[in-house]
Amino acid sequence: MQQKTKLMIVAAAACGLSACANESDDAAPAETPETAAEAQEAAPATESAEAGPVRPDPDPYPSTYEPYPSGTTLVAGATVLTGTGERIESGSVLIENGKISAVGPDLAAPDGATVIDATGKWVTPGIVDIHSHLGNYPSPSTQSTSDGNEMTKPNTAEVWTEHSVWPQDAGFTRALAGGVTSLQILPGSANLFGGRAAILKNVPARTVQGMKFPGAPYGLKMACGENPKRVYGEQGGPGTRMGNFAGYRAAWIDAQEYKKAWEDYWSAYEVWDPDGDEGAPEAPVRDLQLETLAGVLAGDIVLNMHCYRGDEMAFVLDMAEEFGYRVTTFHHAIEAYKVADLLAEHGVCAAVWADWWGFKLEAYDTVTENAALVHAQDGGCAIIHSDSDTGIQRLNQEAAKAMAAGRRMGLDLPEETVISWLTANPAKAMGVFDQVGALEAGKMADVVIWSGNPFSVYALAENVFVDGALLYDRSDPRRSPRVDFELGQPGNNATGGAGQ
């Protein structure tokens, strides 16, 4: 693939990566997935009636992501956790053309392949963090870089978090050194409706479009409980939990009407006779806020719900049934264990911390077995998330703590099962499991080689591949990327901060 020379955000020292001339400004936009919006044959909103009906573009800021160049690599002799419940001793993972080609014992190396002897090491899929604010609250952390919460009104569904992401956040490279290869960036939780989320590949790029996961659906962030009523209680409301729910319901009613208005317009246009006496049907006026909410109702946008208390989660599930949408994940979910059966019944995941709690009253009543109890349900879906620029560097240890708590209460939680809390489960909840989250043939080759059992406090991510390209190597300063802001800073030694 021909590459065009360009300025990269990473330092020259990182250009040992064979891909420093990666992202092309002329890269073709990634194809969008088959969604209801695509089924509507989306076209620019400026299209005239004579040329066709008005159809707002569902993806006006498309991904320009291109994988960094990679070769053929065989990782051999490791303990392999596939992310799908399988454990392979003395296993191998074959990477070809940026994809996982094969996984199993005793794989032969193709001619010309780079062979990595991983005897004594462990191999897993790249970690997928479903809840991050990197880029929105970047390092250095100052008021001028604080762009994650649009605290101007209770409903800000019209904002898109990607428009706040700073690609030069050093947190991205620190997360890469912790084995994180994909992450969902969410707006903050001050509002009833916080705005759209974006899913990124964890690669150096000049623009957020160069990081956007190709074909991934958008998400919507909502928040229940204390945050909205605390922020808006003295600004006209909502000031109570019942006010929160009234605000949600009123917005969903408006979204239903908006969605129907567009559907009626498109239906009328289909039967309109351009040669007849009547003019073309008039399109509704676009509303960015309602456009996002209508996308959730249509099933095109994934719903992420910040919620701590079990009783509120139950109310949210009832509201989802009332308006006909689906909640995919409750985030933070301190009391998920209290309603774990309801979550499993509705096919909803709980994204939780291992033991971060007690920082406010609604976050007080948790147990360290929370994730394990969610997982123990038939159809339960537990996820360990970060919500922290430091926690994201050690998600393997967070999962280990949650696993240990479950084992202490007698639950059978082998490593090959628990790794799905960091890989397959978040990928499924985000709508990208067809491409990442497991070591399966045909998936993106997002692979981590660990120095030992990843659930040990002593384990380190030694090598991190993203789409088959070795983007992080703990032993090689040339593959320890740094961002521009770090250059010349104290402590910026040969390996950079990510290499420590």
Side-chain angles (χ1 to χ4, degrees), residues 1 3 14 16-23 30 65-84 86-128 176-182 201-204 211 213-215 396 416 419-420 422-424 427 432-451 454 460-476 478-481:
M1 178 175 63
Q3 301 290 326
L17 302 174
S18 61
C20 279
N22 168 35
E23 180 194 3
Y65 171 76
E66 288 188 10
Y68 280 77
S70 65
T72 299
T73 303
L74 179 69
V75 182
T79 298
V80 178
L81 306 181
T82 65
T84 58
E86 186 178 7
R87 176 180 182 144
I88 306 172
E89 299 293 351
S90 299
S92 301
V93 177
L94 179 60
I95 298 170
E96 294 183 291
N97 299 318
K99 303 287 186 182
I100 296 172
S101 178
V103 180
D106 304 320
L107 297 180
D111 291 341
T114 298
V115 178
I116 298 176
D117 182 3
T119 303
K121 304 181 189 300
W122 291 52
V123 175
T124 71
I127 291 175
V128 181
L176 185 68
V180 176
T181 54
S182 300
K201 300 283 286 188
N202 194 10
V203 299
M211 302 174 72
F213 196 115
N396 59 312
E416 56 266 32
I419 194 64
S420 67
L422 298 173
T423 57
V432 294
F433 184 64
D434 60 328
Q435 299 182 72
V436 295
L439 301 178
E440 294 180 316
K443 279 185 164 60
M444 294 173 170
D446 292 0
V447 180
V448 182
I449 303 176
W450 301 88
S451 61
L460 296 171
E462 291 189 342
N463 302 104
V464 182
F465 297 83
V466 181
D467 282 304
L470 180 57
L471 294 192
Y472 177 74
D473 185 340
R474 189 169 292 273
S475 66
D476 186 351
R478 298 172 303 169
R479 290 179 170 84
S480 179

What are the two closest heavy atoms between G83 and S420, and how far apart are they?
-> O-CB, 3.7 Å
In Å, rounded to the nearest 0.5 Å, how long is the span from OG of S480 to CG of D473?
-> 9.5 Å
Give the minimum heavy-atom separation between A445 and I95, together with the two atoms involved.
-> CB-CG2, 3.6 Å
Specify the closest pair of heavy atoms between L176 and P481, including all atoms of both residues, with the distance to one decimal.
-> CD2-CG, 4.1 Å
Is any side-chain heavy atom of K121 closer than 4.5 Å to a side-chain heavy atom of P454?
-> no
Kindly compute the distance separating CZ (R478) from CG (L470), expressed to the nearest 0.5 Å.
-> 10.0 Å
Does a side-chain heavy-atom distance below 4.5 Å link F465 with D446?
-> no
Start with the C-alpha gap between V466 and Y472, add the side-chain angles, then the distance that decides, and say whether side-chain contact (heavy atoms from CB on, under 4.5 Å) holds.
-> CA-CA 9 Å; V466 181; Y472 177 74; over 6 Å; no
When you measure from the side chain of Y68 to the backbone N and O of V203, does any donor-acceptor pair fall under 3.5 Å?
-> no
Measure from NZ or CZ of K443 to the centre of the six-membered ring of F433 and say whether it is under 6.0 Å with the direction within 45° of the ring axis.
-> yes
Spatial distance of atom CG (N463) from atom CZ (R474) [nearest 0.5 Å] | 9.5 Å
4.5 Å side-chain heavy-atom contact, K201 and M211 = no
Out of curiosity, L74 CG to T114 OG1, how far, rounded to the nearest 0.5 Å?
-> 10.0 Å
Validation row: E440, T84 side chains within 4.5 angstrom (heavy atoms) = yes
When you look at N202 and S182, which way does the side-chain contact (heavy atoms from CB on, under 4.5 Å) test go after all the steps?
-> CA-CA 5 Å; N202 194 10; S182 300; over 6 Å; no
Is there side-chain contact between V75 and V123, with heavy atoms separated by less than 4.5 Å?
-> yes
Closest contact, heavy atoms only, A461 versus A177 = CB-O, 3.5 Å
Evaluate the criterion side-chain contact (heavy atoms from CB on, under 4.5 Å) for residue pair L439 and V447; output intermediate values, then yes/no.
-> CA-CA 8 Å; L439 301 178; V447 180; 4.0 Å; yes
CD1 (I449) and CG (L460) are apart, to the nearest 0.5 Å, by 13.5 Å
Closest non-hydrogen atom pair between S92 and G77, with its separation = OG-N, 4.0 Å
Which residue pairs satisfy the side-chain hydrogen bond (donor to acceptor under 3.5 Å, both in side chains) criterion with at least one member in residues 99-111, sequence neighbours excluded?
-> E96-S101
Evaluate the side-chain contact (heavy atoms from CB on, under 4.5 Å) criterion for residues T181 and V436: first the C-alpha distance (whole Å), next the side-chain angles of each, then the deciding distance (0.1 Å), finally the verdict.
-> CA-CA 9 Å; T181 54; V436 295; over 6 Å; no
Side chains of D467 and Y65: is there a donor and an acceptor less than 3.5 Å apart?
-> yes
Just checking, any donor-acceptor pair under 3.5 angstrom between side chains of E89 and T79?
-> yes
What is the minimum heavy-atom distance between N97 and S70, and which atoms define it?
-> C-OG, 4.4 Å
L422 side, atom CG; I127 side, atom CD1 - distance, nearest 0.5 Å = 5.0 Å
Should L94 and T72 count as side-chain neighbours, where that means a heavy-atom distance under 4.5 Å?
-> yes
For residues W122 and R87, determine if any side-chain heavy atom of one lies less than 4.5 Å from a side-chain heavy atom of the other.
-> yes
